[in-house]
Novice: 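Pasting a structure here, questions to come.
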Amino acid sequence: MSIVIDQKTRVLIQGITGKEGAYWTEHMIALGTQVVAGVTPNKGGQTVCGVPVYNTVKDALKHHSIDAAMLFVPPRLTKDAVFETLASNIKTIVTIADGIPLHDMIAIRHHALAQQATVIGGNTSGIISPELAMMGSFPHWIDRVYKKGNIGIMTRSGSLTNEVTAMVVKQGYGASTLIGVGGDPVPGTRFAEMLPLYEADEETKAVVIIGELGGTMEEEVADAIKQKIFTKPLVAFLGGRTAPKGQKMGHAGAIITGGKGSVQDKIDALEAAGALVAKKPSQVGLLLEQLGVPKH
Amino acid sequence: MSIVIDQKTRVLIQGITGKEGAYWTEHMIALGTQVVAGVTPNKGGQTVCGVPVYNTVKDALKHHSIDAAMLFVPPRLTKDAVFETLASNIKTIVTIADGIPLHDMIAIRHHALAQQATVIGGNTSGIISPELAMMGSFPHWIDRVYKKGNIGIMTRSGSLTNEVTAMVVKQGYGASTLIGVGGDPVPGTRFAEMLPLYEADEETKAVVIIGELGGTMEEEVADAIKQKIFTKPLVAFLGGRTAPKGQKMGHAGAIITGGKGSVQDKIDALEAAGALVAKKPSQVGLLLEQLGVPKH
Amino acid sequence: MKLYEYQAKALFKEAQIAIPNSVRIETTDAAEEALQKVGYPCVIKAQVLTGGRGKAGLIQFVKTKPTALEAVKTLFDHPVQIPSLLIEEAIDIDQEVYLSITVDAAAGKALVLASAEGGVDIEVLAAESPEKILRYPIDILIGMMPYQAREIAYDLGFNAPLNKSIAQTILRLYHVFITYHAELVEINPLFITKSQTVIAGDGKVSIDDNSTHWHQAYENNETSFGSEAEKKAHLEGIPFIEFDGDIGLMCAGAGLTTTVYDLINDAGGSIANYLEFGGPNYKKALQAMEICLAVPSKVILIVTFGTIARADVMAQGIVDAIEKLKPNRPIITCIRGTNEQEAVNILESAGLKPLFDTEEAVLLAVSMAKGETQ
Amino acid sequence: MKLYEYQAKALFKEAQIAIPNSVRIETTDAAEEALQKVGYPCVIKAQVLTGGRGKAGLIQFVKTKPTALEAVKTLFDHPVQIPSLLIEEAIDIDQEVYLSITVDAAAGKALVLASAEGGVDIEVLAAESPEKILRYPIDILIGMMPYQAREIAYDLGFNAPLNKSIAQTILRLYHVFITYHAELVEINPLFITKSQTVIAGDGKVSIDDNSTHWHQAYENNETSFGSEAEKKAHLEGIPFIEFDGDIGLMCAGAGLTTTVYDLINDAGGSIANYLEFGGPNYKKALQAMEICLAVPSKVILIVTFGTIARADVMAQGIVDAIEKLKPNRPIITCIRGTNEQEAVNILESAGLKPLFDTEEAVLLAVSMAKGETQ
């Protein structure tokens with residue numbers, strides 16, 4: 001099992017004819033992902049990796065049933081692509097673009113919430129259920145990271161995800177589904193929103209979250225644990241615990257968090273809720289073991 | 001019985017301290033309307049006709065339960081007042097302003113639909129359930145027009161409503177609820193949307209609609225009859241049957257109606273659906289009689 | 001408020017929609033220089049606010065200087081007063097597209113109407129083959145998004161590379177629609193040239209009358225009137241149309257006035273003028289009557305049934321107007337509504353015989369106009 | 001991208017938010033004329049992008065010419081490089097209000113933060129009495145509506161007549177937020193003067209870094225750097241911070257780099273510099289190493305675990321950089337990810353001994369920095 005995507009998910013690729021789109025489409029297919037259609041304006045009629053390309057999402061839907069859309073679209077065109085996809089009633093969208101304008105992302109988040117849709121990204125590698133399917137740009141062939149297993153993994157970071165996941169794998173675990181929610185200030189999807197899916201997924205025995213400074217996503221996870229929305233074991237690793245504070249954004253950042261919001265504050269909140277927080281990446285797998293999480 | 005408002009409806013008046021607002025508040029109360037609160041920015045703390053005035057709708061709701069809002073607000077401030085009211089979850093709004101900018105009205109209509117709210121107006125006298133309650137600016141004391149009875153009346157016009165209603169009353173009938181949907185190109189509420197309420201109202205035995213050139217509201221009524229959404233007797237009167245066509249709005253108007261849209265086309269649609277269309281105001285009451293609509 | 005073609009095209013240009021090269025002239029004297037600038041062949045287009053200019057001969061296609069000068073002279077001498085002409089380069093056309101944005105009242109949205117078969121016969125197409133006209137609603141809170149413009153262009157049959165320029169034109173036209181609080185923006189035809197570029201052949205922009213305060217540059221657009229009465233009515237803001245019948249209408253409320261109009265026609269009468277002094281104009285009885293008296297008619301019929309427009313105020317206004325203007329024809333009054341009894345007293349004190357039934361008043365007016373009743 | 005106070009205030013002025021009279025000067029010589037224009041008392045404010053200027057002595061209140069000139073001189077001589085000063089009239093203050101608009105990431109909305117108790121201690125208030133700070137989310141598709149601004153002003157305790165001017169200021173500030181694609185707009189304090197007018201005492205505008213292409217006028221704002229290395233890093237677009245420890249970090253990915261930072265601190269080591277050459281910079285190993293070498297350190301620790309940022313590309317870059325720059329200190333590499341084996345081969349061919357475990361690499365670096373290992 002897995003959450004959000006598996007080998008049955010029929011995926012549309014927007015921006016499939018671009019260099020990056022075509023490259024990762026090939027890898028998505030190689031992993032087993034059902035890529036059924038592609039979209040690039042004015043490239044309709046071509047094929048990429050055997051996948052038919054259409055001019056619009058609407059056109060693609062005339063010929064295919066589609067469950068999810070993967071966007072390889074430049075950051076400034078992402079809002080348009082997300083809105084096009086949502087207008088076609090596709091409710092699962094992954095967008096990896098790094099550099100989406102903030103106000104566009106606000107509109108995307110707002111619109112996705114209103115449509116009860118899930119937009120994962122931007123500024124992420126996407127989502128992968130190892131050995132089943134992926135929507136994104138993960139080098140799934142690196143087997144000391146992308147190994148199938150029963151740990152749900154969520155992350156705000158890129159390189160740190162590899163670091164931590166490799167340590168989870170080293171300890172004999174693997175991932176059911178790994179979700180990069182992305183490093184932008186306004187991610188399309190937040191950690192806590194995915195927890196009910198992991199909770200419901202029988203295969204997922206525990207969740208690892210990889211967090212960092214800023215925002216309130218880790219605190220929301222702590223709340224979800226407190227409110228018993230998520231009851232499985234949860235281990236967190238957060239980077240930047242000892243890092244100096246960056247230049248603040250006016251007073252607003254401090255006001256929003258009521259003077260909290262440091263990595264240590266996040267760690268305190270998670271621990272108070274009953275989560276375990278690893279001090280270094282290599283501890284993550286050990287803590288899972290310590291919690292008695294089975295390896296298979 | 002009546003629809004939309006009766007003597008139990010708790011009404012908030014926006015713009016209560018204005019000359020027009022205060023004048024009609026007095027008359028609404030005189031008729032029996034439960035006016036519980038008023039709102040005018042920066043006039044909070046005053047009273048008008050014994051009604052307490054607040055600065056904001058939010059404030060008023062802290063002290064009162066409110067079912068509906070009546071707006072005596074200038075046309076260019078109407079959008080703001082409607083959105084304020086909808087944000088406070090008041091779902092029935094009447095706005096009489098004449099001159100609301102078209103794009104504001106589009107936004108109002110759109111937002112009201114999204115919130116499943118009813119906005120009646122603008123450019124109307126409002127709504128009245130004779131002897132029970134009114135939200136608007138009807139001279140309810142003119143008893144040869146505003147007589148209680150069992151006919152639902154809906155109109156796009158002002159003076160013509162008096163003309164036609166007087167003829168209905170002359171024939172021994174009266175109104176259960178009279179709704180002026182207003183004369184603007186984008187009314188907040190359309191004839192056909194009120195028909196299910198008249199259909200459900202036991203007291204209403206028939207409906208009279210008073211239409212005119214332009215738009216498609218009369219055709220929508222014909223559709224509702226055809227689809228048996230409305231099954232009671234319906235008599236229509238439409239002004240402008242022989243009037244010369246005005247200057248057309250580009251080709252768009254003609255395109256929207258597919259070359260139809262004249263008053264005669266509307267009459268044809270209504271008659272084809274089974275409604276009776278009066279040729280002159282005095283026939284309206286006669287046609288109700290002819291249909292066997294009881295007078296009490 | 002309608003804009004002239006040249007004004008609409010100026011807005012298009014501002015929004016980066018391509019328009020043909022052109023020069024506008026207000027006198028025959030300016031023609032020669034303008035024609036030289038534009039070159040031949042060119043199109044000479046009367047700048048009037050009425051539609052159907054092509055079929056009315058108000059647009060002339062000319063290939064040479066003599067025919068051009070002749071056309072300019074003919075147009076400036078036209079019985080319809082033409083304040084200016086637009087002299088425009090002729091475009092080498094491959095296809096004509098129809099494009100407009102108006103309002104979807106039921107949905108509360110903007111509505112794009114588009115057809116790959118644009119041109120003068122678009123209304124015939126709309127009646128006979130409505131499926132050839134695309135309707136695409138736009139949520140104005142979100143605004144028009146590029147994918148929507150692309151979808152429209154594809155649905156019209158335009159693939160690469162034209163899709164891009166058509167979609168861009170649609171987006172830009174939407175920008176004009178929003179910026180100018182329009183009830184209508186229309187390009188018909190939108191030319192596709194032989195070299196596959198896109199250019200606005202005509203332009204209609206109509207600004208919502210309730211939004212003109214944001215666009216006061218155009219408020220003097222209505223400058224050509226058929227008569228002094230029309231001009232005076234326009235200046236007073238009183239809806240008024242002149243006909244050549246017998247009965248002058250002076251009614252309150254558009255619905256009631258058009259109903260009286262119907263009743264007169266049904267009764268075999270004819271109308272001299274439509275005049276509606278209801279709503280904000282209900283205190284303007286004097287001005288209304290002055291306008292009515294400027295139109296030849298045999299009788300003036302006054303019908304009102306006012307609520308906020310108080311009957312007593314209107315009655316007093318009428319009595320004062322009669323005293324001041326001393327009308328040379330009979331006046332029938334049928335004044336009802338708020339403070340009706342006071343109105344009756346006022347009218348009767350002035351020697352008038354008020355009626356209370358519209359249909360009765362209409363029959364009396366028709367009869368008097370025919371000389372059957374004094 | 002942060003704007004200077006004077007730039008923020010220019011945007012406020014454009015949006016019709018009142019600001020104090022002021023003159024900006026870039027040299028001491030310009031002070032006398034500027035002071036004469038502004039008059040006394042006045043406030044002399046260093047135009048720097050860092051916060052907490054008041055507490056750092058970078059804002060001086062002066063009443064006379066001699067003290068003013070002295071303050072100008074002191075500020076221009078300040079060890080922190082101050083490119084310009086804003087000389088601003090002193091305002092007769094009755095109350096200080098806090099007002100900002102930022103982003104509510106969870107709701108996907110704009111978020112107004114406001115407090116009737118503004119001023120320098122706003123963060124203390126936020127920590128100790130968070131209920132005194134109002135949070136009001138705004139749907140950016142609908143935009144901020146006047147009633148919302150009124151509600152905020154009332155909730156802050158401002159009734160007539162101040163409600164109107166405060167509400168107007170909030171609406172105008174929202175306009176700046178939207179127009180300039182801001183991640184933050186802030187007025188703290190917003191002065192309420194003794195004569196009950198409203199005026200922006202300070203101004204912060206931070207434009208979203210992903211939207212700066214729309215606002216290129218400000219792209220040269222970051223012009224004062226602590227060192228040449230900082231300047232070079234800024235020009236290369238490489239995130240870089242200098243400290244005074246022993247280990248130079250050259251890592252890829254913000255998350256991984258801060259984690260290495262933590263691990264070094266936990267292991268008792270100290271950091272000479274933070275440098276992150278991941279993402280779009282992963283091919284800039286040469287530039288990254290050049291910057292690292294410009295900072296005194298005992299060892300350079302390179303840690304990467306790239307996916308799109310390929311390990312072999314980074315390894316080759318490092319090898320090329322070593323060859324070219326001939327670093328005078330040991331280099332530890334821990335390069336993993338896409339094409340990892342090729343990376344190992346490249347590094348080993350160049351005589352390096354690649355490690356594969358971050359924590360091991362950190363311990364080695366700490367040990368080498370302490371001279372415990374060669």
Side-chain angles (χ1 to χ4, degrees), chain B residues 12-18 37-46 52-63 66 69 71 73-90 93 95 97 100-101 103-115 117 119, chain D residues 15-16 94-95 97 99 101 104 107-116 131-175 177-178 192 195-198:
Chain B
L12 169 93
I13 314 262
Q14 287 201 60
I16 194 169
T17 59
V39 166
T40 303
N42 293 331
K43 299 282 168 80
Q46 303 185 2
V53 180
Y54 301 90
N55 285 322
T56 65
V57 175
K58 215 172 66 172
D59 269 2
L61 276 168
K62 284 179 195 154
H63 301 90
I66 293 165
L71 273 50
V73 165
R76 295 182 206 166
L77 305 183
T78 296
K79 180 182 167 192
D80 190 46
V82 170
F83 275 59
E84 177 179 9
T85 309
L86 289 175
S88 283
N89 217 24
I90 297 171
I93 299 171
T95 176
I100 301 171
H103 290 209
D104 284 4
M105 210 49 230
I106 296 174
I108 289 170
R109 168 79 181 158
H110 184 273
H111 201 52
L113 283 175
Q115 309 278 309
V119 175
Chain D
Q16 297 184 280
D94 195 41
Q95 185 175 353
V97 172
L99 201 57
I101 305 176
D104 181 339
K109 295 191 171 186
L111 182 68
V112 179
L113 298 171
S115 174
E131 76 286 353
K132 289 191 176 168
I133 298 180
L134 192 77
R135 292 150 180 254
Y136 197 108
I138 302 290
D139 181 330
I140 68 162
L141 293 182
I142 294 175
M144 183 187 274
M145 301 205 60
Y147 82 85
Q148 299 177 308
R150 285 197 302 273
E151 281 186 1
I152 294 166
Y154 285 124
D155 287 347
L156 292 179
F158 294 107
N159 293 309
L162 262 175
N163 184 276
K164 201 168 172 176
S165 42
I166 301 257
Q168 207 171 46
T169 303
I170 296 170
L171 278 170
R172 288 167 176 177
L173 189 63
Y174 182 80
H175 182 74
F177 178 78
I178 292 300
I192 312 291
S195 53
Q196 301 294 287
T197 61
V198 168

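Everything numeric here is computed off the predicted structure, so don't read it as measured data. The sequence lines fix the lettering, A, B, ..., with proteins before strands; numbering per chain opens at 1.
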Novice: Once you round to the nearest 0.5 Å, how far does CG of N42(B) lie from OH of Y154(D)?
Specialist: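 That separation rounds to 3.5 Å.
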
Novice: Starting at NE2 of H110(B), measure out to CD1 of I142(D) and round the result to the nearest 0.5 Å.
Specialist: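 Reported to 0.5 Å precision, the distance equals 9.5 Å.
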
Novice: At what distance, to the nearest 0.5 angstrom, does OG1 of T56(B) lie from CD1 of I152(D)?
Specialist: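 Between T56(B) OG1 and I152(D) CD1, I get 12.0 Å after rounding to 0.5 Å.
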
Novice: Measure the CD-CD distance between E84(B) and E151(D) for me, rounded to the nearest 0.5 Å.
Specialist: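 It comes to 5.5 Å.
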
Novice: Within a radius of less than 6.0 Å around NZ of K164(D), do more than 12 heavy atoms belonging to other residues, nucleotides or ligands occur?
Specialist: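 No - once you tally the heavy atoms of other residues, nucleotides and ligands closer than 6.0 Å, there are 12 at most.
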
Novice: Once you round to the nearest 0.5 Å, how far does CZ of F158(D) lie from CG of N55(B)?
Specialist: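 Going from the CZ atom of F158(D) to the CG atom of N55(B) covers 14.0 Å.
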
